[in-house]
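First listed ligand is number 1; within each ligand, the first listed atom is number 1. Counting begins at 1 with the first residue of the sequence.
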Amino acid sequence: MSRKSRVSMAVIRRLPKYHRYLNELLNRDIKRISSKELSEIIGFTASQIRQDLNNFGGFGQQGYGYNVEELYNEIGKILGLDRGYNTIIIGAGNLGQALANYSNFEKFGFRCKAMFDVNPKLIGLKIRDIEIKDMDTLEEFLSETQIDIGIICTNKESAQLIADRLTSCGVTAIWNFAPVDLKVPDDVIVENVHLIESLLTLTYLYKEREEEES
Ligand code: NAI
C-alpha cells in the first residue's frame, strides 16, 4: 500500500494543469490575472480555484486577482519543483528511449542519470548523453548514485521484481508505465501512467456521441 496524501488526489491532479496554464500566461508576458479570467482559461470555476489554492494557504488578493509569476512559482514549489530529481529509466526499449529523448523533462529539474536494460544489443549505447547500462549493475549504481525516481518501462512480467530491487536499494518513488499494479512498501510512492486508460475514455465519449447523434 502506498502512502496517503493530506490533500485530496483530485486537488493534486489539478495542480499540474494550473502550473501549465500559468506558464503559458507567463510566456505571453501576462503579469496579473483575475480569478474569473483564470477560471475561463483553465475551465474550473473561480470558486473551485480558490478552494484548491486554499489547501495551501490561498493566494491572490481581493480586487487584484493573482500575480501570475508568483502563483506559478508557488504552485511549482507546491509540486516540489523547487528542487531537482535524479531519475533512472529501467527498460530502454521504445518507450524508455522516447522518454530519454524528451528533453523537456530537464526544464522541470528531472535529470535522467542512466538507463538499464537486459538486452546486450542495447547495453553500452547512449540516448542523447544517457548511457544504457547492464541491469546486473543496478544495485552497484544505486549504491553510488542517489536516485529519487525510478521509471519502469519494461514488460509487465519483469516490473514487480524491478520495483522490489529499486525499493530495496532505497528508491522511494516509482513512475510505472508497465501495465501492472505494483506492490511496494508503505513509504514508497507509485504513480502509474496508462495511456490506454485515457484512450478508452476517449472511445467511450466517441461512442456516446455517436449514440446521441443516431
Ligand atoms: P519494448 O519491448 O520496446 O521495451 C522493453 C524493454 O525492456 C526492452 O528493451 C527489454 O530488453 C527491457 N527489459 C525486459 N526485461 C527487463 C528487465 N528485467 N530489466 C531491464 N530491462 C528489461 O517495449 P515498449 O514498447 O517500450 O513498452 C515497455 C512497457 O511499457 C511495456 O510494459 C508496455 O506495455 C508499456 N507501455 C505502457 C504505456 C503506458 O501508457 N503506460 C504505453 C506504451 C507502452
> Which of the atoms of ligand 1 are close to Asn155, meaning less than 4.0 Å from one of its heavy atoms?
Replying inline: 14 (C), 15 (N), 32 (O)
> Quick one: does Val193 get an N or O within less than 3.5 Å of an N or O on ligand 1?
Replying inline: yes
>> I need the nearest protein heavy-atom contact for atom 4 (O) of ligand 1: residue, atom name and distance, please.
In response: Gly93 CA, 3.2 Å
>> Check Lys31 with Asp29, please: is the shortest side-chain N to carboxylate O separation under 4.0 Å?
In response: yes
>> Would Phe177 count as being in polar contact with ligand 1, using the rule that some N or O on each side must be under 3.5 angstrom apart?
In response: yes
> Name the one of Arg111, Lys113, Arg128 that satisfies salt bridge (charged side-chain N to carboxylate O under 4.0 Å, His left out) with Glu106?
Replying inline: Arg128
> Who gets closest to atom 20 (C) of ligand 1 by heavy atom: Gln97, Glu197, His194, Met135?
Replying inline: Met135
>> When you measure from the centre of the six-membered ring of Tyr18, is the NZ or CZ of Arg20 closer than 6.0 Å and no more than 45° off the axis?
In response: no
>> Donor-acceptor pair, distance only, cut-off 3.5 Å: does the side chain of Ser34 make one with the backbone of Glu37?
In response: yes
> Which atoms from ligand 1 have a heavy atom of Asn119 less than 4.0 Å away?
Replying inline: 11 (O)
> Can you tell me which residue and heavy atom of the protein come closest to atom 33 (C) of ligand 1, and the distance to 0.1 Å?
Replying inline: Pro179 CD, 4.3 Å
> Between Ile162 and ligand 1, which residue portion shows a heavy-atom distance shorter than 4.0 Å: side chain, backbone, both, or neither?
Replying inline: side chain
> Closest non-hydrogen protein atom to atom 9 (O) of ligand 1, residue and atom name please, with distance?
Replying inline: Asp117 OD2, 2.7 Å
> atom 3 (O) of ligand 1: which protein heavy atom is closest, and how many Å away?
Replying inline: Asn94 N, 3.0 Å
> Does the protein put a heavy atom less than 4.0 Å from atom 23 (O) of ligand 1?
Replying inline: no
> Does the side chain of Asp164 pick up a donor-acceptor pair with the side chain of Gln160 at under 3.5 Å?
Replying inline: yes
> Looking at ligand 1, does any of its N/O atoms fall within less than 3.5 Å of an N/O of Leu195?
Replying inline: yes
> Which residue supplies the protein heavy atom nearest to atom 28 (C) of ligand 1, what is that atom called, and how far is it?
Replying inline: Cys153 O, 3.1 Å
> Of all the atoms in ligand 1, which lie at a distance below 4.0 Å from a heavy atom belonging to Ser158?
Replying inline: 15 (N), 16 (C), 18 (N)
> Of all the atoms in ligand 1, which lie at a distance below 4.0 Å from a heavy atom belonging to Leu122?
Replying inline: 9 (O)
> What is the nearest protein non-hydrogen atom to atom 16 (C) of ligand 1, stated with its residue, atom name and distance?
Replying inline: Val118 CG2, 3.6 Å
> Counting distance only, does the side-chain N/O of Asn101 pair as donor-acceptor with the main-chain N or O of Gln97 below 3.5 Å?
Replying inline: yes
> Between Asp148 and Asn86, is there a donor-acceptor pair closer than 3.5 Å when you use the side chain of the first and the backbone of the second?
Replying inline: yes
> Which protein non-hydrogen atom lies closest to atom 7 (O) of ligand 1, naming both residue and atom, and how far is it?
Replying inline: Gly91 CA, 3.6 Å
> With respect to atom 30 (O) of ligand 1, which of Ile90, Asn176, Leu95 exhibits the smallest heavy-atom separation?
Replying inline: Leu95
> Where the side chain of Thr145 meets the backbone of Leu142, is there a donor-acceptor pair that is under 3.5 Å apart?
Replying inline: no
> For Glu191, does its backbone N or O pair with a side-chain atom of Asn176 as donor and acceptor, under 3.5 Å?
Replying inline: no
> Would you say the side-chain atoms of Asp134 pair up with the backbone N or O of Thr137, donor to acceptor, closer than 3.5 Å?
Replying inline: no
>> Going by the closest heavy atom to atom 21 (N) of ligand 1, which one wins out of Leu99, Thr154, Ile152?
In response: Thr154
>> Under 4.0 Å from atom 36 (N) of ligand 1, is there at least one protein heavy atom?
In response: yes
>> Show, in sequence, the C-alpha distance, side-chain angles and deciding distance for Asp181 and Lys183, and conclude whether the salt bridge (charged side-chain N to carboxylate O under 4.0 Å, His left out) test is met.
In response: CA-CA 7 Å; Asp181 292 325; Lys183 293 184 181 58; over 6 Å; no
>> Between the side chains of Glu40 and Lys36, is the shortest nitrogen-to-carboxylate-oxygen separation below 4.0 Å, so that they form an ion pair?
In response: yes
